[in-house]
Amino acid sequence: MSITGVIIAAVIVGGTGLFIGLFLGFAGTKFAVEVDEREEAITGVLPGNNCGGCGYAGCSGLAAAIVKGEAEIGGCPVGGAPVAAKIGEIMGQEAGEQVHRVAFVKCAGTCEKAKTDYEYHGLDDCIMINMMQNNGPKSCNYGCLGGGTCVKACPFDAIHIEDGIAVVDKEACKACGKCIAVCPKHLIELVPYDQKHLVQCSSQDKGKSVMAACSVGCIGCKMCEKVCEYGAVVVENNIAHIDSSKCTNCGKCADKCPKKIIL
């Protein structure tokens, strides 16, 4: 190839590159989407975990929704009150009171306390186990399967399988809700961090059936409901529920519970 051919090729390639660069620069200016400075500032103070616990695809999605008024200032469960306060300053609004919440597993049926109908040998995955006969080997159809699907879903290493059931580390939990979304038994819920009394059972079976399946299951006897002076405990569908907004943490329900299933 002659030197002339090389020069021509270089000029063509260089010219093409220059044209593309100028075109992209023009297009970027012409079709640029203006971003609200508050949106960028809010994205900067958010944790950046992009866990989806806020209900949006990521932190930038939540920031955009807050600026548009489509999401609450305290919409980030991971950041909690400190981040909500910073976002409030950016938006020029009061963040309001933020309740620190953590995940809670409503099952105390450990290997020793919960009975099984058969042995399961397969993938350690609760969704898969729940597809087996009788929705899993546990005699209680409402109990934790212990497959660790919630453990794999948690981006903060805040939940682990201990003695056959999932247990949440309150200090590590960020209330992102990913464990709640994957549990096929719907055993996990968000509760106030300071809530001292919680019912660690979700069985809706009647007392006799519960006792045949688990030594610590709630039997729906209503003794906790009767002893509560504040109307915070109600037994519905054979299971006790504690209303955290009414509970004073007096502990009378826990003391009266014959199965000692109220923490």
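Side chains are part of it too, since the values below use all heavy atoms of this structure and drop only hydrogens, waters and symmetry mates. A quick note: this is a predicted structure, and the numbers were derived from the prediction, not measured.
Criterion: ILVMFWY side-chain heavy atoms under 4.5 Å apart, direct or through other members. Under it, Leu190 and Val151 are part of a common hydrophobic cluster. A single hydrophobic cluster is seen to contain both Val233 and Val216, as judged by linkage of ILVMFWY side chains at heavy-atom distances under 4.5 Å, directly or through other members. Connection of Val67 to Leu62 is established within a shared hydrophobic cluster, with ILVMFWY side chains joined at heavy-atom distances below 4.5 Å, either directly or through further cluster members. Under a hydrophobic-cluster definition in which Ile, Leu, Val, Met, Phe, Trp and Tyr are linked whenever side-chain heavy atoms come within less than 4.5 Å, directly or via other members, Val102 and Leu198 are assigned to the same cluster.
Put simply, SG on Cys76 and NZ on Lys86 are 11.5 Å apart, with the number rounded to the nearest 0.5 Å. The distance from atom CD1 of Ile66 to atom OH of Tyr56, rounded to the nearest 0.5 Å, is 8.5 Å.
Judged by distance alone, with hydrogens and angles left aside, the side-chain atoms of Thr43 form no donor-acceptor pair with the main-chain N or O of Ser60 at under 3.5 Å. Between the side chain of Asn237 and the backbone N or O of Ile239 there is no donor-acceptor pair closer than 3.5 Å. Panel note: side chain Tyr120, backbone Leu123; a donor-acceptor pair is recorded below 3.5 Å. The main-chain N or O of Tyr142 is found under 3.5 Å from a side-chain atom of Ser202 such that the two form a donor-acceptor pair. No donor-acceptor pair closer than 3.5 Å links the side chain of Lys106 to the backbone N or O of Glu189. Checked by atom type and distance alone, the side chain of Lys260 pairs as donor or acceptor with a backbone atom of Asp255 at under 3.5 Å. The closest donor-acceptor contact from the side chain of Asn134 to the backbone of Gly136 lies at 3.5 Å or more, if one exists at all. Judged by distance alone, with hydrogens and angles left aside, the side-chain atoms of Asn238 form a donor-acceptor pair with the main-chain N or O of Gln204 at under 3.5 Å. A donor-acceptor pair is defined here as one N or O able to donate and one able to accept, closer than 3.5 Å; no such pair exists between the side chain of Glu72 and the backbone of Gly74.
Between Gln93 and Ile73, the closest side-chain pair of non-hydrogen atoms falls below 4.5 Å. With a 4.5 Å cut-off on side-chain heavy atoms, Gln195 and Asn249 count as touching.
The shortest heavy-atom contact between Ile87 and Leu46 is CD1-CD2, 3.8 Å.
With sequence neighbours excluded, the residues that form a side chain to side chain contact (heavy atoms under 4.5 Å, CB included) with Glu119 are His121. Residues satisfying the salt bridge (Lys or Arg N to Asp or Glu O under 4.0 Å) criterion with Lys178, sequence neighbours excluded, are absent altogether.
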For residues 155-172, please give each side-chain donor-acceptor pair under 3.5 Å, one per line with the distance, not counting sequence neighbours.
{"unit_1": "Asp157", "atom_1": "OD1", "unit_2": "His160", "atom_2": "NE2", "d": "2.8"}
{"unit_1": "Asp169", "atom_1": "OD1", "unit_2": "Glu171", "atom_2": "N", "d": "3.1"}
{"unit_1": "Lys170", "atom_1": "NZ", "unit_2": "Tyr193", "atom_2": "O", "d": "2.9"}
{"unit_1": "Glu171", "atom_1": "OE1", "unit_2": "Tyr193", "atom_2": "OH", "d": "3.3"}
{"unit_1": "Glu171", "atom_1": "OE2", "unit_2": "Tyr193", "atom_2": "OH", "d": "2.5"}

(request) Evaluate the side chain to side chain contact (heavy atoms under 4.5 Å, CB included) criterion for residues His100 and Asp194: first the C-alpha distance (whole Å), next the side-chain angles of each, then the deciding distance (0.1 Å), finally the verdict. (result) CA-CA 8 Å; His100 182 188; Asp194 296 328; over 6 Å; no
